[in-house]
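These notes concern the structure reproduced below.
Throughout, a chain's letter reflects where its sequence line sits, starting with A, and its residues are numbered from 1.
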Amino acid sequence: MRIATWNVNSIVARLPRVLAWLESAKPDVVCLQELKCTTDAFPPEVAGLGYEVAAYGLGRWNGVAILSRAGLEDVRRGLIDEPAYENETEPRAIGATCGGVRVWSVYVPNGREPGHSHYEYKLRWLEALHTTVTAESTADRPFAVLGDFNIAPADDDVWDISLFTESTHVTEPERKALEALRGAGLRDIVPRALKYDRPYTYWDYRQLAFPNNHGMRIDLVYGNGDFAAAVGDAYVDREARKGKSPSDHAPVVVDLTP
DNA sequence: ATGCCGTACCAAGTACGA
């Protein structure tokens, strides 16, 4: 089974690229983030390729989905005790069981800057993710949280750590939240890079970040023991970051052996 | 060439991203 996660930065704007990628990479299950459309506005062309779709979006920002051609059951929208931001609970998490594998597609809040109310929201949101993982990964089945975590797990996961001294994504509390997920039994499934030495998944649109490989590894796959044991390969498909109108994120692809 | 920011809102300029 091939499972992927991809922050597409608008499913509507990215639709031609997404359809072409689905046809070439042939994933069985795909976790999407940053739909930037409502649940009802999710493009029907994706189902036309043979995928069942569970989408969760409210419009302009955020939005997550799971696509599957391996079954799509027990869909759950939102986390247990999920916090709101400015009195709105945002569509940032959706879970489903696909061919016996429980997957969550998550879009962790950005945080904006340390000390900002959005940063506090990010940390509270990660606590709710931990609560949900603790409740759901106890079952004896492969389980994984995939998505845009907006956290670089280690200094090597950004191109130049010296530029991040005042930034989110690399702070100790954010990394402690990842540590807590590992403490709940999940492992960081680190993909291989198809070029250069680091498996970055995001490159800013500006300042030639992609050609210069000024990237970050912030799109993560956290799987339980059963999931990790089944991983045969994992890679970042940087080819999807090239060319006309790409997302600023590349897909992370994980191949599970039967 | 992988190439100098893109998207949704909605019709001009702003919020947001990481």
| field | dC4(B) to dA8(B) separation - C1' atoms, rounded to the nearest Å | value | 23 Å
| Geometric cation-pi criterion, Arg217(A) with Tyr200(A): 6.0 Å, 45° | no
| request: Sticking with atom P, work out how far dA18(B) lies from dT7(B), rounded to a whole angstrom. | output: 14 Å
| query | What is the distance from CH2 of Trp203(A) to C1' of dG3(B), rounded to the nearest Å? | reply | 15 Å
| query | What are the two closest non-hydrogen atoms of Phe42(A) and Ala55(A), and how far apart are they? | reply | CD1-CB, 3.8 Å
| said: Whole angstroms only, please: what is the CG-P distance between Asn212(A) and dC5(B)? | reply: 12 Å
| task | Would you check if the distance from the ring center of Tyr222(A) to the ring center of Phe227(A) is below 6.0 Å? | result | no
| note | Under a 4.0 Å heavy-atom criterion, the protein footprint on nucleotides 8-18 of chain B, written with B, S and -, is BB----B-SSB
| said: Say we look at dG6(B) and dC10(B): how far apart would their P atoms be, to the nearest angstrom? | reply: 22 Å
| Euclidean distance, atom CD of residue Gln33(A) to atom P of dT7(B) [Å, nearest integer] | 17 Å
| remark: Paired with Leu32(A), the side-chain contact (heavy atoms from CB on, under 4.5 Å) test is passed by just one of Ile11(A), Val64(A), Ile94(A), Asn7(A), namely Ile11(A)
| Do Trp159(A) and Trp203(A) have their ring centres less than 6.0 Å from each other? | no
| request: List in chain and number order the residues that pass ring-ring contact (aromatic ring centres under 6.0 Å, His included) with Tyr85(A), two or more places apart in sequence or in another chain; answer none if no residue qualifies. | output: His118(A), Tyr121(A)
